[in-house]
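I have placed the structure first, in the form of structure tokens, so that the comments after it can refer back to it.
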Amino acid sequence: VEVRSMGLAEHYDHFADEFIVEPFPFWRALREEEPVARSELYGGFYVITRYEDIREAASDYERFSSREGATIPPLPFLALTDVDPPEQREYRRIMNSGFTAEAVSRQEPQVRELAREVVGTLVGRAEFDAHHDLGLKLAPQVTLAYVGFKRGDWPVLINGIEDVARLRGSDPEVGLQAAAAVMGVCAKLVQQRREGEPKGDVVDLILQGELHGTKLNDEQVLRMLGTLLLGAVDTTATAIASSVYYLATRPEKQLYLREHGVSKKAVEEMLRWSSPVQALGRVVTRDTELGGCPLAKDDRVMLLWASGNRQESVFKDADEMDFERDSNPHLTFGHGAHKCVGLNLGRLMLRVALEELLAWTEHFKLGDPAKVTWAGGEVRSPEHVPVRASWT
Ligand code: HEM
């Protein structure tokens, strides 16, 4: 069956306010009426909104390749996300051991210490911002420490990563400058670490790693680090900020977590609902079809993980969090070959951030809702989440 193009998504722009503040009704309409819809922006791409179509494309890298990058428009310096298996598997093998469930859980005490430090700075304040003061403090600090960056380098990296993620759509020039600044810090680190003693962290795994029997060159190392930083920071900060936002507006859900603790199911549900990486791209390698719609070689598609995560036929009552949801095959970490390397670390940071915030407060609620604004790009996140807490 050929789906007639109706043009609902003709102006779809994942960076534009119009599509990021409250995209859910629009995505629902696309899922129901035009699940493979064409946007004319950024050189043209197809917007894929149905859960099953997203999974199909993400599972089949031979038809839907990452070779032109997973972002629209593309970022020039990423490694893993821009290559297909089998090469991509070689890259992943290098860092996999640093991100196993076991390796990550060994770091829980350090993560908790940083979380206490961050939440500690908020205690007593009449209002704090769950994105800037919590998510964007904790996620980069934990990630940068975990990977192997020194504290002194954190501020430049944190600002740079934010600018790359947010300003590429509106101000590509600033986006590129920010990317160059981040890469500059990474290059300095690589040079120092090649000369110094190994520390057994992720940087060492990358420096010691081999592709086809040869150590990675500087450019490959930088691309690996770039992928890690861009993959980890904004995403996790967003998961934290979005989840706090939700709980700040749903007292009964907050109470549930206070009484039952932040269970595994609760973490998965916060991840599904917040879906920080709203969308990523692929390129079509040969004439094919998806969701009943013909696609041609070289067409670009955008997989809307965040839309799949709200599909009612897969997740009943999808717009609300259900901390007892039994089956939760969400797409928050992607699907298929590129499924997130850092998912255990992301889950850990989210859980610990929430546990600490809940422990230090009796309850919290949203401040002025008019102050809540949203930012787009691959990551859709609340920019400001004013929260008023009653501290213990
Ligand atoms: C809640 C937090 C996170 C979310 C929502 C998230 C989401 C994702 C998604 C959707 C992908 C798939 C990319 C694709 O299909 O092209 C991905 C890949 C990746 N993520 Fe995460 N991520 C999170 C946390 C992290 C953390 C903490 C790290 C590292 C410390 C990380 C590192 C990566 C890397 C390196 C890839 C590339 C994997 C590949 O292409 O093979 N992520 N992530």
Side-chain angles (χ1 to χ4, degrees), residues 48 54-55 57-61 64-72 74-75 78-96 98-100 103-104 107 111 135 138-149 161 165 201-203 205-206 223-243 267-283 301-306 308-309 330-354 378-381:
I48 316 297
I54 296 167
R55 293 231 329 188
S59 316
D60 190 348
Y61 56 84
F64 298 93
S65 166
S66 294
R67 70 187 178 209
E68 289 182 19
T71 64
I72 297 177
L75 280 163
L78 301 181
L80 282 172
T81 49
D82 297 3
V83 283
D84 295 320
E87 201 192 341
Q88 174 255 6
R89 274 193 218 111
E90 299 285 313
Y91 271 106
R92 276 184 79 130
R93 201 166 290 146
I94 293 173
M95 57 165 111
N96 270 346
F99 292 99
T100 59
V104 168
Q107 298 289 323
V111 175
L138 186 63
Q141 292 186 10
V142 170
T143 304
L144 294 173
Y146 194 93
V147 173
F149 287 92
I161 294 163
D201 55 17
V202 176
V203 172
L205 287 178
I206 297 174
R223 282 156 61 93
M224 290 275 260
L225 287 173
T227 314
L228 271 177
L229 296 186
L230 218 72
V233 171
D234 230 18
T235 49
T236 311
T238 298
I240 294 171
S242 293
S243 302
V267 171
E268 292 314 297
E269 191 57 358
M270 290 192 273
L271 286 165
R272 179 191 67 81
W273 189 89
S274 64
S275 220
V277 180
Q278 60 171 340
L280 287 173
R282 297 289 191 262
V283 66
V301 296
M302 183 185 266
L303 311 179
L304 270 80
W305 314 111
N309 278 345
H330 64 70
L331 301 172
T332 296
F333 291 119
H335 184 71
H338 289 273
K339 189 161 181 181
C340 183
V341 173
L343 46 84
N344 292 314
L345 185 58
R347 284 176 174 135
L348 175 66
M349 288 192 259
L350 175 61
R351 172 167 61 78
V352 170
L354 263 298
E378 282 70 39
V379 175
R380 170 183 173 273
S381 74

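Whatever order the structure lists ligands and atoms in, that order sets their numbers, starting from 1.
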Does ligand 1 have a heavy atom under 4.0 Å from the side chain of [X], from its backbone, from both, or from neither?
X	answer
Leu80	both
Gln88	side chain
His330	neither
Tyr91	neither

Close approach, [X] and ligand 1, non-hydrogen under 4.0 angstrom:
X	result
Leu271	yes
Met95	no
Tyr146	no

[X] versus ligand 1: do any nitrogen or oxygen atoms come within less than 3.5 Å of each other?
X	value
Trp305	no
Arg92	yes
Ser66	no

**Report entry** Thr332 and Asn309 side chains, donor-acceptor separation under 3.5 Å
**Finding:**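 Note: Asn309 and Thr332 side chains meet the donor-acceptor criterion.
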**Report entry** Contacts of atom 21 (Fe) of ligand 1 with protein N/O/S atoms, counting only those under 2.8 Å
**Finding:** Cys340 SG
Report task. Would you check if Val142 and Val352 make a side-chain contact, meaning some heavy-atom pair closer than 4.5 Å? Result -> no
